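Notes to accompany the following structure.
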Amino acid sequence: MTQYACTDTTKDVIVYKLDETILPATLFSIRSSSASPAEQYAACRCLEATAILLGYGNDDFIERMEEPLQKVIKSTGRAIQVRLAALRALSLSYFICGTDIMEVYHCMNFCELVCQPKFRGEYVNELLRANAIECWSLLATVIEDSELVGGSNVGGGGSGGTYVVDEDEGEVIKNTSNNEDMGRGVQMLPLLQKCLEESNSMELKTACGEAVALIHEARLDLGLSNNDDLNVTQRKFQRGLFPLR
Amino acid sequence: MSLSENFKEVCFRSGRFLLTCLILVGCSHLFILLPQTGSWEGSDVEVIIDELKQLVSELALTSGHHMSKKAKKEQRATFREIQSTLVDDEPPCDCINIGGTTLEVDSWKELIQLNFIRHCLQSGFQAQCMTNETLWKIFGLDGTEIMANLGMSGGGLSQFEKRMTMGKTSEAAKAADQNLVKKRKNRTKAKNSFLTADGDEY
């Protein structure tokens, strides 16, 4: 798909075939319990590539695949490779096709739940956790720096609160009891630190390290929002300087 | 208004001005004491950030025999880059060539997006980067420049199309090879035809 859909004609074929072939076939494979893990994995990868080919402004596409993909990710009985492929497909679809930032937050909440040591009462595989953190980082690139690293005793609010899942409904609900003013990235730091300290998985450590670098970069950029044209040296020595100082 | 009343008025206004100045200076000192936006100094997570810096620095110098040489090398390279951002505030630096245009990646935002999309597209990454308008917008690529470069280098054919038509493994090359093999067989057969001309076989 990604190699052949390079011209306007072939891309039109993808759009034309989306409703009658691509979505029904992939969603059938994903929903079907009799499909082999390889087939389910291929279906998720196909949806992931389709998101890139469709481009921005395709909320309908996300709407149709969100629910079956979330079910796959939540199903602890499914193969890890299938679950992580489903999570990557969902996140990339929000990143490329989505137009509603609230939906992006919703998907980030979901990634935050999956990257915890325990999800839905079971320990989460470290490879899946690594991919959840990668997906979270991807979605974090589209939100405002103040939402990501604001708060923590510094002016500018975060998105507010941590998120927990309602086990009965399987729905993400907001826990507003603490950290109201902290940005999402700031709230993630203790978890990332724990993974870097304790995990033996190279993938998880790398994903956490990259997320930390992204959060740190956003924090630096927060102090440079009015000085975008500064070079690295200026950025290093002028970061965070208060105008009155 | 008498001179003494004027003097009183001047004194009153001067006093008010001085009071305003004092309030402003006090506020500026208060702002300096607050944690600064743009750095972690004075924030609640300053300790965590310091510990993370130490952890990342240790991972950038990993040694020992608990992992393979290749894995150690990869881990050190990855964490050196993270360390330079976290400790020295230096952005990452990566350059990739897309259809004759160089894409410079100098932030973690772009690097994370690039790695994710590259993982998704695999071998189709180059072909999509050269033709997909969504990817042009994401990475700030100049589509007209890429198309112009492709036009100059390949006479209108993209790199992918050139590989498919002119490469060693293309259908055209395979057909030409099969044709040559067929001709060689016919030639050999014709050369040896006198041996079997009378129907005897040796």
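Any value given below was found using the heavy atoms of this structure, including those in side chains, with hydrogens, waters and symmetry copies removed. Residue numbering restarts at 1 for every chain, and letters A, B, ... go by the order of the sequence lines. Predicted model, so just to flag it, every value in this text is computed and none were measured.
Within the 4.5 angstrom heavy-atom criterion, no atom of B:E58 approaches chain A. In this structure, the portions of B:F116 lying under 4.5 Å from any heavy atom of chain A include both its backbone and its side chain. Only the side chain of A:K11 comes within contact range of chain B, with heavy atoms under 4.5 Å apart. Residue A:N200 does not touch chain B at all, counting heavy-atom pairs closer than 4.5 Å. Looking at A:I215, both its backbone and its side chain come within 4.5 Å of chain B, counting heavy atoms on both sides. Looking at A:C208, neither its backbone nor its side chain comes within 4.5 Å of chain B, counting heavy atoms on both sides. In this structure, chain A has a heavy atom under 4.5 Å from the side chain of B:L55, while its backbone stays farther away.
Interface residues of residues 83-91 of chain A toward chain B, defined by a heavy-atom distance below 4.5 Å and sorted by number: A:R88.
For chain A, the option among B:P92, B:S123, B:A71 with the highest count of heavy-atom pairs below 4.5 Å is B:S123.
At a threshold of 4.5 Å between non-hydrogen side-chain atoms, the residues A:E147 and A:Y105 count as touching.
Environment of CD in A:E197: crowded, with over 12 heavy atoms of neighbouring residues, nucleotides or ligands closer than 6.0 Å. Crowding of A:E144 atom CD: a count of heavy atoms from other residues, nucleotides or ligands under 6.0 Å not exceeding 12.
Remark: the A:E112 side chain and the A:W136 side chain contain an N/O donor-acceptor pair separated by less than 3.5 Å.
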Next on the checklist: The test is side chain to side chain contact (heavy atoms under 4.5 Å, CB included); show your working for A:F110 and A:L139 and say whether it passes.
Outcome noted: CA-CA 11 Å; A:F110 190 65; A:L139 296 171; over 6 Å; no

